[in-house]
Amino acid sequence: MTSEVGAQPKLAAVAAEPQTPETTERYDPHAIERKWQLVWEAESTWVVANPGSPEFDESKPKSYVLEMLPYPSGEPHVGHLKTYSVGDAIAHFRRRRGFSVVHPMGYDAFGLPAENNAINTGEHPREATEKSIASFREQFMRWGISIDWTREIGTHEPAYYRWTQWIFLKLFEKGLAHRHEAPVQWCPKDQTVLANEQVIDGRCERCGTLVEQRNLEQWFFRITEYAQQLLDDFDLLESWPENVVTMQRNWIGRSEGAEVVFRCEDIDLDFPVFTTRPDTLFGATFFVLAPEHPLVERLAAGTEHEQAVRDYVNESARATVEERADEERQKTGVPLGREVVNPVNGERISMFVADYVLMEYGTGAIMAVPAHDERDYEFAKAFDLPIRRVIEGTDPEQAKDEGLPYSGDGTMVNSGRFDGKHNREAYDEIIDWLASEDRGKQAVNFRLRDWLVSRQRYWGAPIPILYCDECGMVPVPEDQLPVLLPEIEEYAPKGRSPLAAAEDWVNTECPKCGGKARRETDTMDTFVDSSWYFLRYLDPRNDEECWGRDVADYWMPIDQYIGGVEHAILHLMYARFFVKALHDMNLLEAREPFANLFTQGMITRDGAKMSKSRGNTVSPAEYVERFGADTLRTYICFMGPPIKGGDWSDEGAEGIFRFLSRLWRLGREVAERSAEGGSMDGASGDGRALLAKAHWAIDKVTRDIDPRFQFNTAISAVMELVNEIYRLKDGLYDDPVGAAAVRFATSTAVSLLFPFAPHLCSEVYEWLEGERVWEQPWPEAAPQLLERDTYMLVVQVNGKLRDRIEVGSDTSQEGLLELARSSENVQRHLDGKAVAKEIVVPGRLVNFVVKG
RNA sequence: GCCCGGGUAGACAAACUGGCAAAGUCCGCGCGCUUAAAACGCGCUGCCCCUUCGGGGGCGUUGCGGGUUCGAAUCCCGCCCCGGGCACCA
């Protein structure tokens, strides 16, 4: 059952024997789908050559269409079906629009679920994962997704993670990967540290357990080095959903302000703080440190508060992230018995420790301005500390003390020589003054934290680092990569990585001095694997280098990326960071990985998120069995705009099945009752009307697919066309020109529907045109058939519809008015009233405004 | 609390630029085909009235309240509800 990724999977191994479609009397999706899938496989239809290879076609522009790679666990679900249906429609559309499209597939195969399964069942994560991969691959083939299978990869394969490790070493070389002790989020259930991004509401993203804080030596990637560039380079993107950009912006969290140094003379130390409000410095009446601040102990030592401080710090350490973040909770804290000097006025203010100050942000210390900050105000009230207003709002209410805390703008008071100035004006002056005194400077702070990448888990790429007693930390030499994941007996973590138990593997030789060395036993976060996979697709069998530079530069950036909005921050930002770092190391031309991003909405059932426990899942495999892949894919794209979610309905899917059957029957009938290659010249009446409808559909579908991703209305337009053919066909067959129009309209319908229902459309197109629809250029709407000779003029009186008149398209404004006025019903409404105004919008309407 | 989406018929939706509200699909109803049913084809599907049965007329309507405009689902102001993101970030 397991299979090697990249060994060109064969459909013949996974599908049943075909039937001959021609012999069936009704639409048989399975026979048709099987037939075309075998054709695509036999002819390697979707394989695309790289520059430098003999098959490379340099005449076409390139397009890299990519859906987020799946995490293989069990079988694919409806979300996967949606992602790949949407992506495949785009891939097909672009191919037929003349692009050379690369559309690969792979698996994000390392990760916790497979490992948790291993802990429970003893089954090797590789076994479970590869079983799942086989199932995903089979489904993708049955869905008929147009994938270049020669580029298939799995991130758990040594041939892949060798290069994950290689990139790690490059980052290490550049100082972008580093190891240090840090307070980290620890999940006591999974027994591992988590990235900030994997903590949701203080709980482990995977298992929901409350997260604890621990101080541990960990590996980090310095994504913070790129904080500003990650913001600036949004400008380089072509089209990203605005909400995703906003979410990333908020996550990066840039704040401008000042760093101001407060001095504690008692112990002769400087305490810098970051503030966005240097204009309120004169209002600072106390000073607060985070409980984790490294100098807290030293400050309290020897004071009467020593024990109380120690207790408070310990208590804070025990509290969960969630408890501390609860805003409803009363502010807590303890005095330190020390003072610092406010640099603007020389005032000595008391120091406190309080857990509302976060060590992770800024310097872990703040100046507290209770008059102008909500949190400081609450703390001052709770501890009865002085509150001094330094800004007065213009609103008289705000000038009084009831208006506190006041965070708006206004006139400075109690601020020495800045009194009377507007606070915005004083803002920069205060910073300049502090800078000249060497007590502060302008500063920018980011909310973004460095990316914690080490995991004390088995099923991941080993971190390629050694520890030698003599030489210290030593990177594994490139020619010794990959560092293979060893086989182990026991997957359950016990506070250290399961790899630590593989003694033979851990103990090794130092490549520098030849002495004894131990391997790093942590593995990498799986987000590392998925931060560069799109580059490996481009050159997947290269074992000399990570990717050929020419090849990667040719295909990158990804022209269209498609996936769930749940990856708006994590995956998308990590991948952006990787590409920037790789660019700066001169390994890649691109600065951004995803030029265009499309995020799809989630499919629910009975209005709720699908889940096994709720028992409301939709199994794609089951429905493919019932209706065929074309029906499912088309239905998914039809249920609503793909950007939005939608609620699954069996009746809806049946409706699409009926529609495809109707199209199939139409195809059969038209193939029988009209001749191939007939001329449509001089079509008139219904024949011409049908041609006009077909061209209308071409125009509509084309515009709906490309910039808009409005697949639902594109499919509706094809339905309208099919309905129109049914209405008119019986009156047209007898005349050769009319019959040719019917044939043209029908083959146009299947040609337009092909991106959504590729198998059926290939079949019907072959009957009608004897060609392969995917080899045909996308149809173009003829302008002369889009223009109408006449249109329905809407006539309103006081904005109310009173008549509709068919008028010639070239009728003048005066002509329109005259025709409108002559309408019987309009006259009835105009009768005896004075026309105050006449509005004429040629091509649309005439509106008479009357009085009385 | 802050920042984004969204609210249209019985359901999902369409209306891209301020111009006929509701295309298309589902559900429901009727007719045809059929011994019958399914399937299929055709039609109806906001309310009221007239009809010679071809159709015609009136009214209402896009979460609620106001405004701008000849004209608003669409723009502006206020509010209600639903979904998502962030949240002691100094």
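Chain letters run A, B, ... following the sequence lines, proteins first and then strands; every chain starts at 1.
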Nearest-neighbour nucleotide for the A/Val849 side chain, B/C26, B/U25, B/C70 considered: B/C70
Is a donor on one side and an acceptor on the other found under 3.5 Å between the side chain of A/Arg277 and the backbone of A/Ser407? yes
Expressed as a whole number of angstroms, how long is the span from A/Asn712:CG to B/C16:C1'? 13 Å
Between B/C3 and B/C77, how far is it from one P atom to the other, in whole Å? 13 Å
Remember a base hit wins even if backbone is also touched, and classify A/Arg727 as base, sugar-phosphate or nothing at under 4.0 Å, heavy atoms. nothing
Any strand is fair game: report the nucleotide pairing with B/G24 by Watson-Crick or G-U wobble, both distances under 3.5 Å, or none. B/C12
Euclidean distance, atom CG of residue A/Leu817 to atom C1' of B/C70 [Å, nearest integer]: 13 Å
Comparing nearest nucleotides in RNA chain B, the 5'-proximal residue of the pair A/Gly362, A/Tyr726 is A/Tyr726
Complementary nucleotide of B/G83, counting Watson-Crick and G-U pairs under 3.5 Å: B/C4
Would you measure the distance from the C1' atom in B/C88 across to the matching atom in B/G84 and give it in whole Å? 22 Å
Across the strands shown, which category fits A/Thr276 at heavy-atom distances under 4.0 angstrom: base, sugar-phosphate, nothing? sugar-phosphate
Do the side chain of A/Asn423 and the main chain of A/Asp409 share a donor and acceptor less than 3.5 angstrom apart? no
Sugar-phosphate, base or nothing in reach of A/Val794, heavy atoms under 4.0 Å: base
Whole angstrom value for the distance that separates C1' of B/C12 from OH of A/Tyr635: 8 Å
To the nearest angstrom, how far is A/Arg804 atom CZ from B/G19 atom C1'? 13 Å
For A/Glu374, answer base if it contacts any base atom (sugar-phosphate contacts may also be present), sugar-phosphate if it contacts only those atoms, and nothing otherwise; contact means non-hydrogen atoms under 4.0 Å. nothing
Gap separating the CD1 atom of A/Ile366 from the OG1 atom of A/Thr275, nearest 0.5 angstrom: 9.0 Å
Do side-chain atoms of A/Tyr312 reach the backbone of A/Val334 as a donor and acceptor pair under 3.5 angstrom? no
As its Watson-Crick or G-U partner within any shown strand, both distances under 3.5 Å, B/C42 has B/G30
Give none if B/C88 has no partner; otherwise give the nucleotide forming a Watson-Crick or G-U wobble pair with it, both distances under 3.5 Å. none
Describe the nucleic acid contact of A/Asn798 in one word from base, sugar-phosphate, nothing, applying a heavy-atom distance below 4.0 Å. nothing
For A/Glu651 and A/Asp647, find the nucleotide of RNA chain B closest to each by heavy atoms; which residue's nucleotide sits nearer the 5' end? A/Asp647
Selected nucleotide, minimal atom distance to A/Phe274 side chain, candidates B/G24, B/G19, B/A90: B/A90
Considering Watson-Crick and G-U wobble pairs with both distances under 3.5 Å, what does B/C47 pair with? B/G58
Give a yes or no on whether A/Glu347 atom CD has more than 12 heavy-atom contacts from other residues, nucleotides or ligands under 6.0 Å away. yes
Please state the C1' separation for the pair B/U74 and B/U61 - nearest whole angstrom. 16 Å
Give A/Phe446 one of three labels, base, sugar-phosphate or nothing, depending on what nucleic acid heavy atoms sit under 4.0 Å from its own. nothing
From B/C20, B/G41, B/C27, nucleotide with atom closest to A/Arg658 side chain: B/C27
Any sub-3.5 Å donor-acceptor pair from A/Arg449's side-chain atoms to A/Arg447's backbone N or O? yes
Heavy-atom donor-acceptor pair, A/Arg703 side-chain to B/C16 base, under 3.5 Å: yes
Are A/Phe638 and A/Phe659 close enough that their ring centres sit under 6.0 Å apart? no
How many Å lie between CD1 on A/Ile715 and P on B/C12, as a whole number? 19 Å
B/G54: syn or anti, with syn meaning chi within 90° of zero? syn
Any idea how A/Trp648 and A/Tyr623 line up, ring-wise: parallel (<30°), tilted (30 to 60°), or perpendicular (>60°)? perpendicular
Check: A/Gly79 main-chain N/O paired with A/Thr83 side-chain donor or acceptor under 3.5 Å: yes
At 4.0 Å (heavy atoms only), tell me whether A/Gly655 reaches a base, stays on the sugar-phosphate, or touches nothing. sugar-phosphate
If I take atom CD1 in residue A/Ile643 and atom P in nucleotide B/C12, what distance separates them, rounded to the nearest angstrom? 19 Å
Using a heavy-atom cut-off of 4.0 Å across all strands, would you classify A/Asn723 as base, sugar-phosphate, or nothing? sugar-phosphate
Which nucleotide in the set B/U25, B/C20, B/C3 lies at the smallest distance from any side-chain heavy atom of A/Thr246? B/C3
Take the protein atom CD of A/Gln710 and the nucleotide atom P of B/C16, then report the distance between them rounded to whole Å. 10 Å
Using a distance-only test with no angle check, is there a side-chain donor-acceptor pair under 3.5 angstrom linking A/Asn723 and A/Arg662? yes
Grab the N/O contacts between the protein and nucleotides 49-59 of chain B below 3.5 Å, and write none if there aren't any.
| unit_1 | atom_1 | unit_2 | atom_2 | d |
| --- | --- | --- | --- | --- |
| B/G58 | OP1 | A/Arg802 | NH1 | 3.4 |
| B/G58 | OP1 | A/His829 | NE2 | 3.1 |
| B/C59 | OP2 | A/Arg802 | NH1 | 3.0 |

Has A/Glu374 got more than 12 heavy atoms of other residues, nucleotides or ligands less than 6.0 Å from its CD? no
Is a side-chain donor or acceptor of A/Asn342 paired with a backbone partner of A/Val344 at a separation under 3.5 angstrom? yes
Donor-acceptor check, side chain of A/Asp450 to backbone of A/Thr224, threshold 3.5 angstrom: yes or no? yes
Interface polar pairs with nucleotides 8-10 of chain B, N/O, under 3.5 angstrom:
none

Which nucleotide, B/G41, B/A13, B/C20, lies nearest any side-chain atom of A/Pro641? B/A13
Can you label the angle between the A/Phe598 ring and the A/Phe709 ring as parallel, tilted or perpendicular, going by 30° and 60°? parallel
Is a side-chain N or O of A/His372 found less than 3.5 angstrom from the main chain of A/Val390, in a donor-acceptor match? yes
Atom pair distance, as rounded to whole Å: CD in A/Glu720 and C1' in B/A15: 12 Å
What nucleic acid atoms does A/Val357 come within less than 4.0 Å of, heavy atoms only: base, sugar-phosphate, or nothing? base
Quick one, give me the B/S/- string for nucleotides 81-86 of chain B, reading 5' to 3', where B means a protein heavy atom under 4.0 Å from the base and S means that only happens at the primed atoms, P, OP1 or OP2. ----SS
